[in-house]
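Whatever order the structure lists ligands and atoms in, that order sets their numbers, starting from 1.
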Amino acid sequence: MVSRRFIIKVPATSANIGPGFDVVGLSLSLHLTLTVVQPESSDKPYVPPLLKYTGEGADEVPLDPYKNLTTRVALYLMRCHNIRSFSSGLEINVNNEIPFGRGLGSSGAAVIAGVLLGNELSGLKLPLERLLDFALMVERHPDNVTAALVGGFVGSYLKELDDAATQAASVPLSEVLPEYPEDAGEDWGLNPPVPPLGIGHYVQFRWSESIKAVAIIPRFELSTAKAREVLPLEYSRKDLVFNLQRLAVLTTALGQTPPDPDLIYEAMKDRVHQPYRRALIPGLPEVTSSLTPITHPGLLGICLSGAGPTILALATHGFEAIAKDAAAIFKKTGVEIDWKVLTVVRGSAVLDI
Ligand SMILES: Nc1ncnc2c1ncn2[C@@H]1O[C@H](COP(=O)(O)OP(=O)(O)O)[C@@H](O)[C@H]1O
Ligand SMILES: N[C@@H](CCOP(=O)(O)O)C(=O)O
């Protein structure tokens with residue numbers, strides 16, 4: 001194989017957008033970027049991969065390629081195709097703008113970066129749909145990974161699989177992505193479960209160019225796993241219909257120009273996840289109920305971003321007033337925030353350099 005340099009760029013995502021729990025996602029203008037140098041193959045002794053990392057999470061992310069989420073996902077995809085290990089002398093420089101554990105899809109981006117990396121390093125040229133299957137074996141809800149991969153405002157569902165495929169897609173994460181022990185031999189984790197074909201399906205909705213996303217980011221982390229544990233297993237018909245009615249309206253309303261604040265504000269309300277997560281995010285109900293299109297001109301709607309704790313305000317203008325007033329409410333509960341105005345961006349890209 002000849003020497004190659006390339007960049008993998010994956011966007012942040014905001015999942016749910018109120019009523020679309022585990023269904024819709026939005027790709028946003030913060031990126032996880034991998035700059036990869038793959039030397040040409042030679043007969044020289046094997047040099048293990050070198051992983052370097054700057055930006056968000058640099059002080060906590062493992063740099064051992066057999067422990068890091070992105071490189072483990074790449075290895076998972078490669079091992080499913082009988083490629084045992086990374087090629088000699090591989091260098092991966094990561095720069096990350098997506099804060100960890102804030103509801104902006106950092107883990108979804110890391111997983112998508114991993115499947116793209118595995119695809120490039122192996123030369124397999126798997127199509128997008130197949131890459132999604134691999135991502136879904138790791139991140140089991142499709143909203144973040146699909147939006148990160150294809151970009152824009154995206155709705156997705158997991159296909160109902162037959163019994164054998166359901167079993168194959170339900171193996172514990174520890175078997176899909178084993179924690180490679182320090183003394184792992186060459187043959188350790190060599191036969192991971194291959195994903196069934198066509199697990200995830202999606203559609204990209206229209207997005208009105210005038211709508212920006214104000215991310216109000218509390219300075220504390222909340223793991224998605226923890227924020228999913230508090231959710232009930234069953235819902236009342238009333239709450240289900242409440243969300244379905246709003247989601248049906250929202251997917252079209254956010255593509256209309258000019259966007260209608262009355263329609264969108266109500267359509268971004270939720271009864272499936274946000275009410276249960278408020279105990280984990282002090283200030284959440286106060287922020288989402290105090291800021292309205294009447295009190296804050298330009299605001300269209302406000303919701304929890306992903307599993308939180310970030311709050312996402314969709315707006316056409318008036319960004320600073322929205323962020324500062326949300327910050328003041330959070331401050332009363334002892335929580336400091338950072339805020340950013342983000343745009344909706346394209347999906348992941350691989351560029352040769
Ligand atoms: N770029 C990355 N490289 C390695 N691990 C990552 C990366 N981004 C996220 N992670 C892992 O994912 C965790 C956060 O995932 P999660 O709790 O789902 O929150 P969110 O996806 O909302 O940021 C981090 O604590 C870290 O373990
Ligand atoms: N639908 C999921 C989305 C989690 O998104 P993240 O960005 O917080 O990882 C959920 O709400 O649990």
**Item:** Any N/O pair G103/ligand 1 closer than 3.5 Å
**Value:**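 In this structure, G103 places an N or O atom under 3.5 Å from an N or O of ligand 1.
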
**Message:** What I want to know is whether S106 and ligand 1 share at least one N or O pair that is separated by under 3.5 angstrom.
**Reply:**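 N/O-N/O distance under 3.5 Å: yes.
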
Under a 4.0 Å heavy-atom limit, does [X] contact ligand 1 with its side chain, its backbone, both, or neither?
X    : answer
A110 : side chain
N144 : neither
T224 : both

**Prompt:** After noting the C-alpha distance and the side-chain angles of H81 and F134, does the key distance pass the ring-ring contact (aromatic ring centres under 6.0 Å, His included) rule?
**Reply:** CA-CA 12 Å; H81 294 88; F134 280 89; 5.7 Å; yes

Name the closest protein heavy atom to [atom], giving the residue it belongs to and the distance to 0.1 Å.
atom                    : value
atom 5 (O) of ligand 2  : N144 OD1, 3.1 Å
atom 1 (N) of ligand 1  : Y53 OH, 3.0 Å
atom 7 (O) of ligand 2  : G105 N, 2.9 Å
atom 10 (C) of ligand 2 : R228 NH1, 3.3 Å
atom 24 (C) of ligand 1 : F100 CD2, 3.5 Å
atom 9 (O) of ligand 2  : T224 OG1, 2.9 Å
atom 8 (O) of ligand 2  : A307 N, 2.9 Å

**Request:** Pull out every atom of ligand 2 sitting under 4.0 Å from any heavy atom of G306, numbered as shown with elements.
**Result:**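 Going through ligand 2 atom by atom, the ones under 4.0 Å from G306 are 5 (O), 8 (O), 11 (O).
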
**Asked** In terms of atom number and element, which parts of ligand 2 are under 4.0 angstrom from non-hydrogen atoms of A15?
**Response**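 The atoms of ligand 2 under 4.0 Å from a heavy atom of A15 are 3 (C).
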
Any side-chain heavy-atom pair of [X] and [Y] under 4.5 Å:
X    : Y    : result
I302 : Y265 : yes
L149 : L132 : yes
L75  : T71  : no
T316 : L300 : yes
E336 : F330 : no
L304 : R278 : no

**Request:** Would you kindly check if the NZ (Lys) or CZ (Arg) of R246 is within the cone defined by 45 degrees around the ring axis of F242 and under 6.0 Å from the six-membered ring centre?
**Result:**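 The answer is yes; both the distance and angle limits are met.
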
**Asked** Within 45° of the ring axis of F6 and under 6.0 Å from its six-membered ring centre, is that where the NZ or CZ of R4 lies?
**Response**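 The answer is yes, since R4 meets both limits relative to F6.
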
Do any heavy atoms of [X] fall under 4.0 Å from ligand 1?
X    : value
G105 : yes
G57  : no
G101 : yes

Within the 4.0 Å heavy-atom shell around [X], which atoms of ligand 1 are there?
X    : result
S223 : 17 (O)
V61  : 3 (N), 4 (C), 5 (N)
R102 : 22 (O), 23 (O)
L69  : 4 (C), 5 (N)

Check whether more than 12 heavy atoms from other residues, nucleotides or ligands sit under 6.0 Å from atom [atom1] of [X], and answer yes or no.
X    : atom1 : value
K212 : NZ    : yes
E160 : CD    : no
D352 : CG    : yes

**Prompt:** Of all the heavy atoms in H273, does at least one lie under 4.0 Å from an atom in ligand 2?
**Reply:**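 Contact absent.
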
**Message:** Taking a cutoff of less than 4.0 Å between a non-hydrogen atom of the residue and any ligand atom, is R277 in contact with ligand 2?
**Reply:**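 Yes, R277 has a heavy atom closer than 4.0 Å to ligand 2.
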
**Residue pair D338, R219: steps toward the salt bridge (charged side-chain N to carboxylate O under 4.0 Å, His left out) verdict** = CA-CA 7 Å; D338 298 298; R219 286 189 195 156; 2.9 Å; yes

**Message:** Heavy-atom pairs closer than 4.0 Å: do any link ligand 2 to the side chain of N16, the backbone, both, or neither?
**Reply:**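 Side chain only.
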
**Prompt:** Is it the side chain (CB and beyond), the backbone, both or neither of D143 that lies under 4.0 Å from ligand 2, heavy atoms counted?
**Reply:**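 It is the side chain that gets close, since no backbone atom is under 4.0 Å.
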
**Message:** Just to verify, which of H273, R228, R140 counts as forming a side chain to side chain contact (heavy atoms under 4.5 Å, CB included) with D22?
**Reply:**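 With D22 as partner, side chain to side chain contact (heavy atoms under 4.5 Å, CB included) holds for just one option, R228.
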
**Heavy-atom proximity to atom 15 (O) of ligand 1, best of S305, P309, S107, P99** =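 Looking at heavy atoms only, the winner is S107.
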
**Asked** With distance as the sole criterion, is a donor-acceptor pair present between the side chains of T310 and S305 under 3.5 Å?
**Response**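 T310 vs S305: no donor-acceptor pair found between side chains.
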
**Asked** When you check the side-chain N and O atoms of N243 and D270, is any donor under 3.5 Å from an acceptor?
**Response**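 Their side chains do contain a donor-acceptor pair, which is all the 3.5 Å distance test asks for.
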
**Asked** For atom 3 (N) of ligand 1, is the nearest protein heavy atom closer than 4.0 Å?
**Response**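 So far as the 4.0 Å threshold goes, atom 3 (N) of ligand 1 is in reach of a protein heavy atom.
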
